[in-house]
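The structure under discussion appears below in the form of structure tokens.
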Amino acid sequence: MLLRQLEYLVALARERHFARAAAACYVSQPSLSAAIRRLEHELDVPIVRRGRRYEGLTPEGEVVLAWAHRILAERDALHQELSALRGGLTGTLRLGVVPTALPAASLLTTPFCVRHPRARVALESLSSVGITQGLAEFELDAAMTYLDDDTLRNVRRLPLYEERYVLLTPVDGPLAGVSKASWAQAATLPLCLLNSRMRNRHIIDEFFAAEGATAAPAIESDSVAGLYTLLPGGRWSSVISHAWLHMFDVPEGMRVVPLNGPAHGPRVGLVVARSEPRSVLAEALLKVAREAGVRDALDELLHTYLGGDGR
């Protein structure tokens, strides 16, 4: 059994298509198919359910896939540990991040790269479900996500910050003169928000509902960056997490207004799988995260925009 055969199987399970899996592995489709057939022969079990196209894995194939993830993770952990002994971590840290935490990711990745200049970071924007799956299948070393996510299992959690929601609104808009706004007032504005499929939107909709209001945004976006492209122009307002200010700042002609109600939203943190083998790169990132002061940095940023109201 060759590690390459296991890599092909993992790619096929991920892509669910022979041609795409072959392309991802930089081999021809016949080479990938032949390697998986050899793996079936060596293990004496059917692994792939074949028809006119890929139809999934057999029950035996699912068992082999789980072992393939584990074996490849053991190989990666071996390389990482040896590289640390040779004078510095190498390899690629695979970090999954929920879209709404992406603006704060550099508060971890930058100090990580400074401390480990020979290592690289592969950052991927993923849903909560994608993060859970990636950690379970050793496709991710670590993730930044909401810590109260019920789908997270068998992980270690390190809190980084609590989301704090503020109103971003035109300086000459309907709430131009207020020092603080209610969620009900915010609901009356022409709004741009993230779309209803996103976790952040569900959270702020609950805050609106707590004041008996319903947000009816005129424009929705599936990304924070997309949302910010809609705001300049003096017409639209939005409810944002304070962490977004770290990357996007405040668009010209807009101001930040604190919102009444809960001072903090849900916790965002760093998670790594508890299962063995443990990623040496993930452990290094955890150490950086404990010293990075992410919460303090973001709170100080909010204080800059809100003055005494930012605390």
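Nothing here was measured: the structure is a model prediction, and the numbers come from that model.
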- Item | Any residue meeting side chain to side chain contact (heavy atoms under 4.5 Å, CB included) with Leu123, in chain and number order, not counting sequence neighbours | Leu95, Val97, Leu102, Ala105
Atom pair [atom1] ([X]) and [atom2] ([Y]), whose distance is rounded to the nearest 0.5 Å:
| X | Y | atom1 | atom2 | value |
| --- | --- | --- | --- | --- |
| Asp249 | Tyr228 | CG | OH | 8.0 Å |
| Arg201 | Asp222 | CZ | CG | 13.0 Å |
| Leu168 | Leu191 | CG | CG | 11.0 Å |
| Leu193 | Phe208 | CG | CZ | 6.0 Å |
| His246 | Leu302 | NE2 | CG | 14.0 Å |
| Arg75 | Ile71 | CZ | CD1 | 10.5 Å |

- Message: Under 6.0 Å from the ring centre and within 45 degrees of the ring axis: does the NZ or CZ of Arg70 meet both conditions for the six-membered ring of Phe138?
- Response: no
- Step through the shown structure and confirm whether more than 12 heavy atoms of other residues, nucleotides or ligands are within 6.0 Å of CZ on Arg120. no
- Task: Inspect the surroundings of CG in Asp150 and state if more than 12 heavy atoms from other residues, nucleotides or ligands are less than 6.0 Å away.
- Result: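 Not more than 12 within 6.0 Å, no.
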- Task: Under the salt bridge (charged side-chain N to carboxylate O under 4.0 Å, His left out) rule, collect the residues that match up with Glu291, sequence neighbours excluded.
- Result: Arg115
- Item | Worked check of side chain to side chain contact (heavy atoms under 4.5 Å, CB included) between Leu135 and Val271 | CA-CA 9 Å; Leu135 290 170; Val271 298; 3.7 Å; yes
